[in-house]
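Since this is a predicted model, take the numbers as computed values, not measurements. Order of the sequence lines sets the chain letters (A, B, ...), proteins ahead of strands, with each chain counted from 1.
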2 protein chains.
Amino acid sequence: MTAIGFEKHDHNRCIATALAEAETRCADQKLQLTPVRRRALEILLQRHRAMGAYEILDLLAADGLGSQPPVAYRALDFLVQHGFAHRIERINAYTACAHPEQDHIPAFLICRGCKAVAEAETELEQGRLGAAAQATGFAIERIVVEAEGLCPACQEHPA
Amino acid sequence: MTAIGFEKHDHNRCIATALAEAETRCADQKLQLTPVRRRALEILLQRHRAMGAYEILDLLAADGLGSQPPVAYRALDFLVQHGFAHRIERINAYTACAHPEQDHIPAFLICRGCKAVAEAETELEQGRLGAAAQATGFAIERIVVEAEGLCPACQEHPA
DNA sequence: TCACGATTTGTTATGTTATAACATTCATCG
DNA sequence: CGATGAATGTTATAACATAACAAATCGTGA
Ligand SMILES: [Zn+2]
Ligand SMILES: [Zn+2]
Ligand SMILES: [Zn+2]
Ligand SMILES: [Zn+2]
């Protein structure tokens with residue numbers, strides 16, 4: 001199981017590791033992990049949940065790192081583009097990638113109670129969807145897989 | 001293959017059949033297929049592609065069936081709720097269900113060129129996602145599966 | 001028939017998410 | 001230094017969605 005998100009873990013270490021990895025990879029690939037981008041990633045890692053662009057913007061603004069929507073959207077675009085974060089379509093939100101080291105198609109479990117998000121891995125083979133695509137000649141570029149429901153905690157305490 | 005959407009077909013018949021089915025099922029289940037709801041479904045069936053709520057609203061308004069956003073959103077909520085249409089998260093749009101007779105988890109192929117949408121069926125077993133959910137005790141209520149890419153036509157004529 | 005409750009629709013206002021467009025800053029390099 | 005390209009700052013607006021309340025509609029039982 002690779003659905004990081006609902007279990008307890010050493011989160012400070014989790015953040016530090018992820019940030020360090022991001023810096024290494026950006027250096028390797030000549031990507032600019034600028035202050036805004038770095039801080040946006042750090043915010044996502046700290047909260048360890050799905051966050052809206054405007055929520056992130058508020059936190060960036062509190063640090064004097066831009067106060068208008070495009071600032072947040074650009075930083076998030078960069079992070080998503082390069083696999084440091086994912087966009088979650090169902091809730092118009094963003095979350096840090098749980099395993100950015102490897103190429104993957106992310107799949108999410110989204111709790112509608114507490115908004116917690118767990119990232120799982122999908123099969124790389126895309127099953128019947130891939131077959132349908134092949135049959136029609138459709139060229140898949142991106143796949144969204146998101147499950148909405150209730151996490152263990154929210155099942156017990158129904159709000 | 002069940003990805004209806006990119007192939008040619010007798011579309012007038014396709015619309016008539018779907019509308020008739022909807023009427024039958026609404027009668028059976030004591031659902032009210034009111035003029036607004038019926039027309040919204042008809043619009044989706046006619047266009048046979050993903051449409052935004054405001055786009056549908058404009059067409060409803062042209063028929064004197066309400067001119068404010070809630071009118072469209074309510075009609076769409078009804079159609080989605082009862083399986084006559086699906087919401088496509090990736091593009092904030094709606095499309096008529098390709099096989100409303102049966103219960104299913106829809107999966108979509110979305111062309112980013114022409115916005116055409118094909119509905120395929122997913123495996124009912126949810127693969128590794130279901131396994132991840134079980135392992136964490138997460139209760140899945142809804143699953144979103146959407147692939148974005150280029151349909152055959154748009155691959156040949158890159159806009 | 002008429003009062004009732006439930007459902008649907010009408011309407012106003014506002015909230016939320018996202019991008020277009022253009023100016024400015026800043027590092028890099030010839 | 002001056003040109004180039006990347007990133008950021010800023011204004012304005014587009015696109016998507018819902019809260020809240022009023023009015024109409026309709027079945028249903030008194
Ligand atoms: Zn963590
Ligand atoms: Zn939860
Ligand atoms: Zn058709
Ligand atoms: Zn369907």
- Task: Can you sort out the partners of B:A18 under side-chain contact (heavy atoms from CB on, under 4.5 Å), two or more places apart, ordered by chain and number?
- Result: B:L45
- Task: Would you confirm whether A:R37, through its side chain, and A:Q32, through its main-chain N or O, come within 3.5 Å as a donor-acceptor pair?
- Result: yes
- Not counting sequence neighbours, which residues clear ring pair (Phe, Tyr, Trp, His ring centres under 6.0 Å) with A:F108? List them please. A:H86
- Query: So how far is it from A:E23 CD to A:L31 CG, rounded to the nearest 0.5 Å?
  - Reply: 12.5 Å
- Within this structure, what is the CG-to-C1' distance between B:L57 and D:dA17, rounded to whole angstrom? 12 Å
- Rounded to the nearest Å, what distance is computed from the CD1 atom of residue A:I56 to the P atom of nucleotide C:dA18? 10 Å
- What residue pairs, at least two apart or across chains, pass side-chain hydrogen bond (donor to acceptor under 3.5 Å, both in side chains) with a residue in residues 63-75 of chain A? A:R39-A:D63
- Query: Roughly, in whole Å, what's the span from CE in A:M51 to C1' in C:dA18?
  - Reply: 18 Å
- Atom pair distance, as rounded to whole Å: CG in B:L33 and P in C:dT7: 17 Å
Distances for protein N/O vs nucleotides 8-11 of chain C N/O pairs under 3.5 angstrom?
{"unit_1": "C:dT8", "atom_1": "OP1", "unit_2": "B:R37", "atom_2": "NH1", "d": "3.2"}
{"unit_1": "C:dT8", "atom_1": "O5'", "unit_2": "B:R37", "atom_2": "NH2", "d": "3.3"}
{"unit_1": "C:dT9", "atom_1": "OP1", "unit_2": "B:T34", "atom_2": "OG1", "d": "2.5"}
{"unit_1": "C:dG10", "atom_1": "N7", "unit_2": "B:R74", "atom_2": "NH1", "d": "2.9"}
{"unit_1": "C:dG10", "atom_1": "O6", "unit_2": "B:R74", "atom_2": "NH2", "d": "2.4"}
{"unit_1": "C:dT11", "atom_1": "O4", "unit_2": "B:R74", "atom_2": "NH2", "d": "3.4"}

- Message: Between A:H104 and A:E119, is there a side-chain donor-acceptor contact under 3.5 Å, judged purely by atom types and distance?
- Response: yes
- Charged N to carboxylate O below 4.0 Å: is that the case for B:R49 and B:E55? yes
- What is the distance, rounded to the nearest whole Å, between atom CD of A:Q81 and atom C1' of D:dA6? 15 Å
- Message: With the six-membered base ring of D:dT18 as reference, does the ring of B:Y73 sit under 5.5 Å away with planes under 30° apart?
- Response: no
- Query: Per the atom types in the model, does the base of D:dA17 pair as donor or acceptor with the side chain of B:Y54 at under 3.5 Å?
  - Reply: yes
- Under a 4.5 Å side-chain heavy-atom rule over Ile, Leu, Val, Met, Phe, Trp and Tyr, are A:L150 and B:V144 clustered together? no
- Task: Taking B:R25 for its side chain and B:H82 for its backbone only, find out whether a donor-acceptor pair lies under 3.5 Å.
- Result: yes
- Message: Just to be sure I understand the geometry, which residues of residues 84-93 of chain A put a non-hydrogen atom under 4.0 Å away from DNA chain C?
- Response: A:R87, A:N92
- Would you kindly give the NZ-to-P distance between B:K30 and C:dA6, to the nearest whole Å? 19 Å
- Message: In whole Å, I'd like the distance from the CG atom of A:D58 to the P atom of C:dT17.
- Response: 11 Å
- Hey, is the main chain of B:I43 close enough, under 3.5 Å, to the side chain of B:Q46 for a donor-acceptor pair? no
- Query: For the pair made of CG in A:L60 and C1' in D:dA7, what is the distance, rounded to whole Å?
  - Reply: 14 Å
- Protein-proximity profile, nucleotides 23-30 of chain C, B/S/- by nucleotide at the 4.0 Å heavy-atom cutoff, equals --------
